[in-house]
Amino acid sequence: MTRPLELLAPAKNLECGIAAIDHGADAVYIGAQRFGARASAGNSVADIAKLCDYAHQFQAKVYVTVNTIIYDDELEATRQLLQELADAKVDAVLVQDSSLFTLHSSLPLHASTQTDNRTTEKVQWLHDLGFSRVVLARELSIDEIRAIHESVPDVEMEVFVHGALCVSYSGLCYASQHCFHRSANRGECAQFCRMQFDLLDADGQVIEHNRHLLSLKDMCQIDNLEALAEAGATSFKIEGRLKDVAYVKNVTAAYSERLNDIIRRHPDCYHRASLGHCRYTFTPNLQKTFNRGYTTYFANGRRSDIASFDTPKAMGEFVGTVKELRRDSFNVAGTARFANGDGLCFLDKDRQLQGFRVNRVEGNRLFPQRMPDGLHPGLRLYRNNDQEFERLLSKPSAERKIPITLSLRPTDEGFCLSSGDVAVELPIEHQTAEKPQRENIIRQLTKLGNTPYECSEVDLPEDFNYFIPSSQLTELRRQLVDGLANEPHEPYRPHEPYRPHEPHKPYPSPHLYNIANREACRFYGVDSPTAYELHPSADAVLMQCRHCLRYSLGYCVKHGGQRPSWREPLYLRLGDGRRFRLEFDCLNCQMNVYASAR
């Protein structure tokens with residue numbers, strides 16, 4: 001029996017969701033008007049219902065993010081939202097707050113990565129509660145994912161494979177709330193990790209100056225999809241609910257084609273989780289989509305090049321080096337082709353990102369709108385906006401069709417047209433054909449036009465010799481298409497209902513339960529909410545990170561680095577002077593960022 005592989009794409013809005021389906025997604029995840037982990041990416045339930053109708057044609061699924069923590073005065077609004085989503089026929093809801101267990105009994109719930117799912121024990125506990133799917137922490141290696149699957153084989157594992165990375169374990173980042181009163185657990189992250197810091201030692205000496213020390217590159221696991229599938233991953237998730245439709249089209253198409261390649265090579269092991277195949281008007285290219293440089297993160301163990309210390313912005317694809325400068329132009333050594341309007345960038349001598357737009361192109365000679373300062377021969381250039389590629393993606397760029405076989409047979413009352421389990425019959429008088437009708441019958445039945453279907457074969461008996469008017473063939477075809485479209489969509493359902501259960505293991509600090517309402521208090525058996533957002537602590541752990549500055553800077557003795565000359569503790573310092581103490585938990589290979597500078 002083969003196992004389904006699901007490509008899960010982001011949808012900022014209805015347009016992005018439909019584009020994701022058209023370009024090969026087996027499922028999409030989208031935020032409602034409130035309570036999603038991206039406050040600026042909300043959608044009406046009416047639009048979500050339209051997306052469900054569109055996706056379900058292909059047996060693709062729609063998951064809705066309701067994965068913020070909920071306050072007491074929001075419980076009733078959350079209950080109403082869940083009922084509206086159930087009525088819209090969404091396939092599941094991603095959650096962080098445990099109160100959602102009690103607010104709606106029938107909606108399938110997925111454990112969001114915001115619930116900090118990094119251990120076998122945590123995944124087992126969530127599975128015992130009734131979750132059929134758990135979104136694993138981005139930081140896990142392929143071996144760690146395999147170990148979880150072997151211990152909890154019945155739970156579906158959703159893994160991130162592409163897009164921006166949070167430096168802290170998800171759900172355990174309070175830096176934005178601490179510094180700017182904007183809670184990441186409420187969908188209002190202020191991107192503290194993308195800011196510039198100085199790194200200081202215990203004596204106040206500057207080790208690194210004005211660098212983006214917590215800013216990670218973007219994840220790209222396209223070359224690890226097969227290994228992740230072998231490890232037990234079921235759903236491959238693309239990050240990006242704030243990204244535009246061009247990003248969704250390109251990245252979804254790239255990953256869909258790679259999954260199809262895996263399935264072609266292992267047809268006895270896997271199949272796609274939805275129906276249909278896609279044709280594209282462009283060649284997917286991940287280098288041409290927003291990225292901060294790519295990393296496989298911890299997929300194959302710890303690496304030193306996971307961060308983007310110089311800039312948190314997109315540099316794009318390398319396109320060549322500056323060769324010769326003139327007063328108003330320069331030429332480029334390389335094979336890339338350029339277009340008027342392309343956006344290029346480079347790192348200057350101070351490692352600051354400088355960008356400019358190309359006004360005119362003559363071969364490999366480029367005429368910028370204004371000659372940027374800092375250009376010199378040998379400088380590496382990157383393209384972060386490819387006008388020609390964007391032009392292709394701004395138009396309809398994919399078509400998704402479900403191949404069907406049509407079978408036409410005479411009956412006692414007329415003729416029956418069928419495909420799979422769907423059959424329609426039309427009372428038509430049997431008339432013997434005077435001339436061969438096979439070609440006309442096939443031509444009329446296969447005019448499937450703007451439907452989601454395309455005919456791969458028409459099955460007619462060898463002795464079929466009837467004349468059927470084209471109008472009646474058209475009616476047979478129309479009724480069959482309606483029947484196919486109205487086939488019941490089997491909604492996704494958890495394998496078992498929620499059962500109250502005590503946590504296997506308490507978190508190290510009460511606020512890390514993210515308990516923000518009375519229902520969550522009841523779930524955890526505590527007297528009052530303990531969420532950091534409601535009860536901030538002056539010396540709290542603001543971040544728990546697998547990214548380690550000691551290691552990235554080459555000073556982790558445990559992993560073969562040189563012994564540092566500085567004296568700890570180390571501190572991160574923002575431009576406004578605020579300092580944050582670092583703690584290196586070498587036993588757990590983890591770096592903690594504290595609110596207190598003590």
Side-chain angles (χ1 to χ4, degrees), residues 6-68 77-78 80-95 107-108 110 112 162-164 187 235 237-253 255-256 273-276 278 280-282 284 289-290 390 392-402 450-452 485-486 489 491-492:
E6 177 187 273
L7 178 60
L8 177 56
K12 178 171 68 172
N13 51 34
L14 176 60
E15 179 192 13
C16 286
I18 290 175
I21 299 297
D22 285 345
H23 288 73
D26 301 294
V28 295
Y29 62 104
I30 188 169
Q33 287 174 318
R34 299 179 66 187
F35 312 126
R38 301 288 186 276
S40 58
N43 295 274
S44 69
V45 174
D47 275 357
I48 292 172
K50 291 176 184 176
L51 181 57
C52 288
D53 288 342
Y54 190 81
H56 291 168
Q57 297 178 99
F58 302 96
Q59 294 186 17
K61 295 182 171 66
V62 176
Y63 308 138
V64 177
T65 56
V66 188
N67 57 340
T68 65
T78 307
Q80 292 175 7
L81 173 62
L82 293 176
Q83 183 56 55
E84 291 172 4
L85 293 175
D87 294 340
K89 297 182 173 59
V90 305
D91 295 284
V93 173
L94 288 91
V95 306
L107 267 174
H110 291 178
S112 167
H162 195 90
S235 180
K237 186 171 193 170
I238 299 166
E239 190 279 336
R241 279 201 299 120
L242 298 179
K243 295 293 194 297
D244 61 19
V245 70
Y247 175 96
V248 172
K249 288 180 175 183
N250 184 34
V251 178
T252 301
Y255 277 83
S256 183
S274 62
L275 302 178
C278 302
Y280 307 109
T281 65
F282 68 103
T289 285
F290 181 99
E390 291 294 318
L392 286 172
L393 292 179
S394 69
K395 301 176 179 179
S397 50
E399 181 182 59
R400 181 169 179 166
K401 294 290 185 179
I402 302 170
N450 293 325
T451 72
N486 292 323
H489 169 72
Y492 185 91

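Here, residue 1 is the first one in the sequence, and each next residue gets the next number.
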* Mind running side chain to side chain contact (heavy atoms under 4.5 Å, CB included) on L85 and V66 for me, showing each step along the way? => CA-CA 10 Å; L85 293 175; V66 188; 4.1 Å; yes
* **side chain to side chain contact (heavy atoms under 4.5 Å, CB included) partners for A86, two or more places apart** => Q83, H104, L107
* Q80: side chain to side chain contact (heavy atoms under 4.5 Å, CB included) partners, not counting sequence neighbours ->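 Q80 satisfies side chain to side chain contact (heavy atoms under 4.5 Å, CB included) with E76 once adjacent residues are dropped.
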From [X] atom [atom1] to [Y] atom [atom2], the distance as rounded to the nearest 0.5 Å:
X	Y	atom1	atom2	answer
I402	Q59	CD1	CD	7.5 Å
D47	N13	CG	CG	8.0 Å
S256	R400	OG	CZ	7.0 Å
L51	N43	CG	CG	8.5 Å
I21	D26	CD1	CG	8.0 Å
E399	N450	CD	CG	8.5 Å

For the student: nearest non-hydrogen atoms of [X] and [Y], plus distance:
X	Y	result
Y29	G240	OH-N, 3.6 Å
L393	A246	CD1-O, 3.6 Å
A55	V62	CB-CG2, 3.8 Å
A11	I30	O-CG1, 3.4 Å
T252	A20	CG2-O, 3.6 Å
A25	A9	CB-CB, 3.9 Å

* Mutual orientation of the aromatic rings belonging to H162 and Y255 [parallel < 30°, tilted 30-60°, perpendicular > 60°] ->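 Aromatic pair H162/Y255 classed perpendicular.
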* Scan H110, K61, E6 and name whichever one has a side chain to side chain donor-acceptor pair (under 3.5 Å) with S235. =>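 Only one option passes, and that is E6.
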Beyond-backbone contact of [X] with [Y], side-chain heavy atoms, under 4.5 angstrom:
X	Y	result
N67	V95	no
R241	T65	yes
L81	V45	yes
Y54	D22	yes
P10	E239	no

* To do: Please test F282 against N250 for side chain to side chain contact (heavy atoms under 4.5 Å, CB included), starting from the C-alpha separation and ending with a verdict.
  => CA-CA 9 Å; F282 68 103; N250 184 34; 3.8 Å; yes
* Asked: Is the backbone N or O of T289 less than 3.5 Å from a side-chain atom of Y247, with the two atoms forming a donor-acceptor pair by type?
  -> no
* Asked: Looking at C16, S394, S397, which one forms a side-chain contact (heavy atoms from CB on, under 4.5 Å) with K249?
  -> S397
* Please say whether more than 12 non-hydrogen atoms of neighbouring residues, nucleotides or ligands are located less than 6.0 Å from NZ in K401. => yes
